[in-house]
*Asks:* 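Okay, here's the structure, questions in a sec.
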Amino acid sequence: MLDIQLLRNDLDGVAKRLASRGYVLGTTEFTALEAERKKMQTRTQDLQAKRNASSKQIGIAKSKGEDVAAILAEVASLGDELKADEEKLALIQTQMQDLLLNLPNLPHESVPVGKSEENNVEVRRVGEPKKFDFAVKDHVDVGTPLGLDFDTGAKLAGARFTLMRGQIAKLHRALAQFMLDTQTEEHGYTECYTPYLVNAETLTGTGQLPKFEEDLFSLQHNDSKLYLIPTSEVTLTNTVRDAIVPLESLPIKLTAHTPCFRSEAGSYGKDTRGMIRQHQFDKVEMVQIVHPENSYAALEEMVGHAETILQKLGLPYRVMALCTGDMGFGAAKTYDLEVWLPAQNTYREISSVSNCEAFQARRMQARFRNEAGKPELLHTLNGSGLAVGRTLVAVLENYQNADGSVTIPEVLHPYMGGLEQLKAN
RNA sequence: GGAGAGGUGGCAGAGUGGUUGAAUGUACCUGACUCGAAAUCAGGCAUACACGCAAGUGUAUCGAGGGUUCGAAUCCCUCCCUCUCCGCCA
């Protein structure tokens with residue numbers, strides 16, 4: 001959520017910055033609503049002040065045993081008008097809140113301006129794509145003989161679900177364990193186990209609701225509606241919702257390995273083959289909750305934390321700075337990590353690391369007590385470290401051998417009980 | 001699922017429908033005393049929002065939302081959460 005003060009003071013500036021990410025701000029609508037709000041709020045508060053003053057006098061008069069009929073009559077006439085004004089004001093404030101909740105974050109000044117994916121800027125490239133002296137297969141063809149089973153996944157749940165068996169299932173688990181251990185032991189994140197189902201408030205805090213409800217899976221339980229988390233960014237970040245944390249506790253660094261559930265509405269026909277785009281996938285998430293002064297340093301640091309995983313796995317990748325038009329709703333700045341997939345002969349997103357500045361913190365009312373002892377909004381960051389399913393895809397494709405076997409990256413050996421190669425039985 | 005007890009400021013803990021944004025204690029900050037500290041004394045000490053150049057003034061908030069009333073922390077209704085006992089359960 002943007003600071004409403006900023007909209008009041010510099011509406012055109014805000015509109016301009018939002019336009020850079022392809023969002024058209026209804027400035028006329030805002031101006032009209034804001035004028036109405038101001039009028040109604042002032043009027044309502046005046047009436048309330050009058051009522052309060054009279055009521056106080058009634059109290060005083062009664063305690064002295066005086067007659068209160070005159071004041072009573074006077075204040076009675078306020079009643080209907082006040083009630084009508086309060087209702088109207090509440091309606092306006094709801095409208096204003098809706099408007100604010102649906103505005104995306106402002107891009108940081110360092111973000112390249114652009115319309116789409118094509119305008120993203122490559123920051124660096126790490127690792128050399130391996131040369132194969134045989135025709136490379138994609139992860140579906142490599143993985144199927146080894147235990148990757150799309151047919152059974154589809155039978156059990158439908159399209160975009162996968163079943164893994166045996167060695168592949170174990171490799172998938174090994175990857176998650178390895179990532180979690182690296183983030184906790186080497187990078188100082190606290191491991192968390194979080195709910196997979198959350199309420200609407202939580203999702204509003206991180207920005208998935210109200211605007212992106214269609215991207216979520218939900219279920220009705222008695223009178224309450226719960227949603228499956230699309231990422232543990234949601235649960236980890238919301239740990240500080242409605243909280244004022246002490247300065248000394250910063251930065252808060254959290255990580256979790258959870259499944260993520262996404263409806264993938266609007267991506268029909270995209271990445272239908274294989275397990276690139278699934279309704280359910282595992283991810284090790286990193287979240288940092290920091291002092292506003294440190295959030296951009298933390299962003300760079302977190303990109304490094306995600307890169308570490310790719311480097312240890314020996315997977316070639318590149319770092320992309322997303323342009324204004326390609327960034328997510330809540331992000332002020334985002335880096336994507338893209339891993340090399342030989343079968344697609346291209347780099348594909350495997351991690352996304354974003355600084356949301358105070359955008360989520362303002363929605364969540366997540367604050368810290370600053371040096372002066374006053375509550376101030378935190379900055380929140382999140383990033384994948386990494387998406388486990390896509391990492392599995394990358395390992396299968398990059399480490400495939402001519403005979404159909406797959407070499408297991410060395411760092412995973414301890415997690416695989418010493419196994420060094422996946423082979424079909 | 002059944003029965004009961006609760007939810008008030010950083011913490012503890014009062015609060016007969018009326019000068020209660022809230023006693024008191026404690027923590028914290030400032031000042032006085034002191035060479036300094038402790039003790040003591042005095043003052044300060046919630047959040048959000050609105051109006052205002054400012055000083056300031058006003059509004060809202062006692063788990064959440066409704067209601068009754070001129071006036072609600074206090075009365076009524078609904079919901080949420082916590083705790084205790086019983087039942088069921090991985």
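Every chain is numbered from 1, with letters handed out A, B, ... down the list of sequences.
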*Asks:* For a quick check of understanding: with a heavy-atom distance under 4.0 Å over all strands, which category does Lys62(A) fall into, base, sugar-phosphate or nothing?
*Replies:*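 Touches a base.
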
*Asks:* Can you give the dot-bracket line for RNA chain B, using ( ) for pairs inside the strand, [ ] for pairs that cross earlier ones, | for pairs with another strand and . for unpaired bases, where Watson-Crick and G-U count if both distances are under 3.5 Å?
*Replies:* ((((((((.[[[..)..(.....]]].(((((.......))))).((((((....)))))).[[[[[..)....]]]]])))))))....

*Asks:* Between the side chains of Thr380(A) and Gln360(A), is a donor N or O closer than 3.5 angstrom to an acceptor N or O?
*Replies:*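 A donor-acceptor contact under 3.5 Å links the two side chains.
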
*Asks:* Report, as a single string ordered 5' to 3', how protein heavy atoms within less than 4.0 Å touch nucleotides 55-63 of chain B: B base, S sugar-phosphate only, - not at all.
*Replies:* ---BSS---

*Asks:* Under 3.5 Å, is there a donor-acceptor pair linking the side chains of Lys333(A) and Ser110(A)?
*Replies:*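 Per modelled atom types, Lys333(A) and Ser110(A) side chains form a pair under 3.5 Å.
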
*Asks:* NZ of Lys83(A) versus P of G71(B): gap in Å, rounded?
*Replies:*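 Atom-to-atom, Lys83(A) to G71(B), this comes out as 10 Å.
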
*Asks:* Contact class for Gln5(A) (heavy atom, under 4.0 Å): base, sugar-phosphate, or nothing?
*Replies:*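 Contact class for Gln5(A): sugar-phosphate only.
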
*Asks:* Please determine if Glu34(A) and Arg37(A) form a salt bridge, counting it only when a charged side-chain N lies under 4.0 Å from a carboxylate O.
*Replies:*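 Yes.
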
*Asks:* Please walk me through it: do Glu264(A) and Arg277(A) pass salt bridge (charged side-chain N to carboxylate O under 4.0 Å, His left out)?
*Replies:* CA-CA 8 Å; Glu264(A) 294 298 339; Arg277(A) 192 174 298 276; 3.3 Å; yes

*Asks:* Return yes if a side-chain donor-acceptor contact under 3.5 Å exists between Thr162(A) and Gln278(A), otherwise no.
*Replies:*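 Yes, because at least one side-chain N or O of Thr162(A) sits under 3.5 Å from a partner of the opposite role on Gln278(A).
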
*Asks:* Identify which one of Glu285(A), Met286(A), Lys253(A) satisfies the side chain to side chain contact (heavy atoms under 4.5 Å, CB included) criterion when paired with Leu236(A).
*Replies:*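 When Glu285(A), Met286(A), Lys253(A) are each tested with Leu236(A), the side chain to side chain contact (heavy atoms under 4.5 Å, CB included) holds only for Glu285(A).
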
*Asks:* Taking atom types as modelled, is there a side-chain donor on Gln288(A) or Glu301(A) under 3.5 Å from an acceptor on the other?
*Replies:*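 A donor-acceptor contact under 3.5 Å links the two side chains.
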
*Asks:* Ignoring backbone atoms, establish whether Arg369(A) has a side-chain N or O less than 4.0 Å from OP1 or OP2 of C28(B).
*Replies:*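 No, no such contact exists.
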
*Asks:* If you take the centroid of each ring, where Trp contributes its six-membered ring, are Phe261(A) and Tyr196(A) closer together than 6.0 Å?
*Replies:*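 Between Tyr196(A) and Phe261(A), the centre distance exceeds or equals 6.0 Å.
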
*Asks:* Can you tell me the distance, in whole Å, between the CG atom of Asp242(A) and the C1' atom of C80(B)?
*Replies:*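 Spelled out: CG on Asp242(A) to C1' on C80(B) is 14 Å.
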
*Asks:* Can you tell me if Lys38(A) touches the phosphate of C51(B), counting only side-chain N or O atoms and a distance under 4.0 Å to OP1 or OP2?
*Replies:*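 So the side chain of Lys38(A) is within the cut-off, an N or O lying under 4.0 Å from OP1 or OP2 of C51(B).
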
*Asks:* Looking at every strand, decide which applies to Arg43(A) at a 4.0 Å heavy-atom threshold: base, sugar-phosphate, or nothing.
*Replies:*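 Arg43(A): no heavy atom of the nucleic acid under 4.0 Å.
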
*Asks:* Between Ile60(A) and Ile4(A), which has a closest nucleotide on RNA chain B that is more 5'?
*Replies:*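 The residue closer to the strand's 5' end, by nearest nucleotide, is Ile60(A).
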
*Asks:* Within the distance-only criterion (no hydrogens, no angle test), does the side chain of Arg367(A) pair as donor or acceptor with the backbone N or O of Ile244(A) below 3.5 angstrom?
*Replies:*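 Not confirmed, Arg367(A) side chain does not pair with Ile244(A) backbone.
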
